[in-house]
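The chain is numbered in sequence order, starting from 1.
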Amino acid sequence: MSTPVRSSASALLSAAQIWLTDNVFGSGSEAAAPSPPAASEPATSVSAATVEDPAPESANAALEPSASAPLESTVAIEPPIAVTGATAAAEPKPAEAPERSLAETIASATLPPPPRMWPPRKLSLALQGGGTLSAFTWGVLDRLLEEPGCDFDTISGASAGAVNAALLASGLARSGREEARNRLALFWTRLTEDASFRSLMVIGAYSPASSAVSFGSGLRGGRADPLDLDPLRDILAETIDFDAMHSAAAPRLLISATRVRDGLPQIFRNSEITADVLLASTCPAQLHAAVDIEDESYWDGGHVANPPLIQIAHESSAADLLVVRVTPARDGYVPMSSAAIDRRLDQIAGNAVLNAELAALEWARSDGLHPPRVHRLAAEDEIEALAQRDATDLGSGFIELLYQRGRDAADRWLREAPAGTTLTVQDEQPAVAAEDLRDAALT
């Protein structure tokens, strides 16, 4: 056996100590004070500054791993503190145990994990709000619901993203994937058919400074009172099963609204979510009075958490988080008209908090923490010049385009395994046309 080398460093740990799953340093005073040796046996002294004369070879033998008990990922070995000649003599190294290098010891304790399978078996979702552009999210969710091996863990949302999240969760909890698809289709079909002032309010898409806002026949015919929230509650009550969403069968929900009092985000969870909470999350501050919930007033959640990301990283148990972005971040044109300037400012504000939270998750990963792996699907990657489009456009052609491009984007994402994963082939799922879903939802 080679002679231990003197060192001016602190006492070195054995390979077994390094790879113990329990913290060999412990905590507090217990870790700092090793058990004293018996008075009758002078212990080998190890200084924090220098390593003294090595113990006899027989003493070092007690530190060698035995071939009959190779190191696994968890090693149940108490780290030796002091070794005496008597102890070493009592526990000689078995003659048949072969020498193992440090590299071999480490390799045996750090076997690579099995490859991760794709698509993910559990997925969390963060759904950005953005007016009618959130019909893109409808398409993404519709395609994800066709993937039977992918379950949903935690879903966060703001504004129209909050409505999509509630539709998804209540449908899943009520009777499964097809129910969730039908409820999403019903909601967006109702908005498209109504195309009124109140439809724009329910998805947080109204911007009074913009002259680009155009309303459907519902407003022009004078059938809607801009200050009446009852029609909005009716739309939500018709399409969302709140009792099912409150049940244990529903995925975990995190819905954001902006507290008017201090400008901070308020996160509502399943048992707290009502029609008023969704109205608060989509409430356009420039148009309607704040929504009051338990003596607090709220505006659109998109101002402060669009959607909540840091909170979902804390609460999700899924290894993968899919962020669905609908508000354009890029625009190749400098706006000149008041309407175009207002639209661009809305886009910048809608992405500011999301960009900050994405950066925080990247920083956490680079600092050695383990937030979920973030994946992104963006509507602007699928539709050319989306920044020039109107987020209040409820035309059936535009909604259909957003829906189909969302489906296509999700389909590619599911079928293209990212680095570090292995694609698994799923049974082909029959494609269902959007008009078929709408017909089923209406019956």
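Taking the six-membered ring where tryptophan is involved, the planes of H375 and W118 are tilted, since the angle between them lies from 30° to 60°. Note on ring orientation: taking the six-membered ring where Trp is involved, the planes of Y403 and W138 are tilted (angle from 30° to 60°).
Donor-acceptor pairing under 3.5 Å is recorded for the side chains of Q404 and D408. Counted by atom type alone, S317 and R252 present zero donor-acceptor pairs between their side chains at under 3.5 Å. There is a side-chain donor-acceptor pair under 3.5 Å between D292 and S297. Using modelled atom types, one finds a donor on one side chain and an acceptor on the other under 3.5 Å when comparing N355 with R325. In the model, Q347 has no side-chain atom that pairs as donor or acceptor with a side-chain atom of D331 under 3.5 Å.
Note that CD1 of I383 is 7.5 Å distant from CZ of R389, once rounded to the nearest 0.5 Å. Atom CG of L321 and atom CG of L309 lie 6.0 Å apart (nearest 0.5 Å). To the nearest 0.5 angstrom, T137 atom OG1 is 12.0 Å from D142 atom CG. Distance check: R181 CZ to R177 CZ gives 10.5 Å after rounding to the nearest 0.5 Å. Rounded to the nearest 0.5 angstrom, Q266 CD and Y298 OH are separated by 4.0 Å. Annotation: the span from Q128 atom CD to L354 atom CG amounts to 5.5 Å, rounded to 0.5 Å.
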Step-by-step salt bridge (Lys or Arg N to Asp or Glu O under 4.0 Å) determination, R405 to E384: CA-CA 11 Å; R405 294 297 174 84; E384 185 177 358; over 6 Å; no
side-chain contact (heavy atoms from CB on, under 4.5 Å) assessment of I312 paired with L125: CA-CA 9 Å; I312 202 173; L125 300 169; 5.9 Å; no
Test salt bridge (Lys or Arg N to Asp or Glu O under 4.0 Å) applied to R415 and D411, step by step: CA-CA 6 Å; R415 296 181 181 279; D411 184 73; 3.2 Å; yes
Worked check of salt bridge (Lys or Arg N to Asp or Glu O under 4.0 Å) between R233 and E238: CA-CA 8 Å; R233 290 191 180 90; E238 180 184 3; over 6 Å; no
Salt bridge (Lys or Arg N to Asp or Glu O under 4.0 Å) assessment of E362 paired with R376: CA-CA 13 Å; E362 291 295 330; R376 309 176 201 188; 3.8 Å; yes
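Residues S247 and A173 approach most closely at OG-CB, 3.8 Å, considering heavy atoms. Between L168 and A180, the closest heavy-atom pair is O-CB, 3.8 Å.
A 4.5 Å side-chain heavy-atom check between W413 and P418 finds every atom pair outside the cut-off. You'll find the side chain of M117 stays beyond 4.5 Å of the side chain of T421, heavy atoms only. Taking the side chain as every heavy atom from C-beta outward, S170 and F242 never approach each other to under 4.5 Å. For the pair S124/I155, no side-chain contact is recorded, criterion being any heavy-atom separation below 4.5 Å from C-beta on. At least one side-chain heavy atom of L144 sits under 4.5 Å from a side-chain heavy atom of L414. Between I293 and D276, the closest side-chain pair of non-hydrogen atoms falls below 4.5 Å. Residues F398 and L133 have side chains in contact (heavy-atom distance under 4.5 Å, counting atoms from C-beta outward). With a 4.5 Å cut-off on side-chain heavy atoms, L423 and E416 do not count as touching.
Tested against V140 for a side-chain contact (heavy atoms from CB on, under 4.5 Å), the candidates V324, L145, L127, N164 yield a single pass: V324. Screening D346, I348, D342 against R344 for a side-chain contact (heavy atoms from CB on, under 4.5 Å) leaves a single residue, I348. Exactly one of P251, C150, S316 qualifies for a side-chain contact (heavy atoms from CB on, under 4.5 Å) with L123. That residue is C150.
For the pair D151 and K122, the salt-bridge criterion is not met [side-chain N within less than 4.0 Å of a carboxylate O].
Heavy atoms of other residues, nucleotides or ligands lying less than 6.0 angstrom from NE2 of H314 number 12 at most.
Under the side-chain contact (heavy atoms from CB on, under 4.5 Å) criterion, S337 pairs with A339, A340, not counting sequence neighbours.
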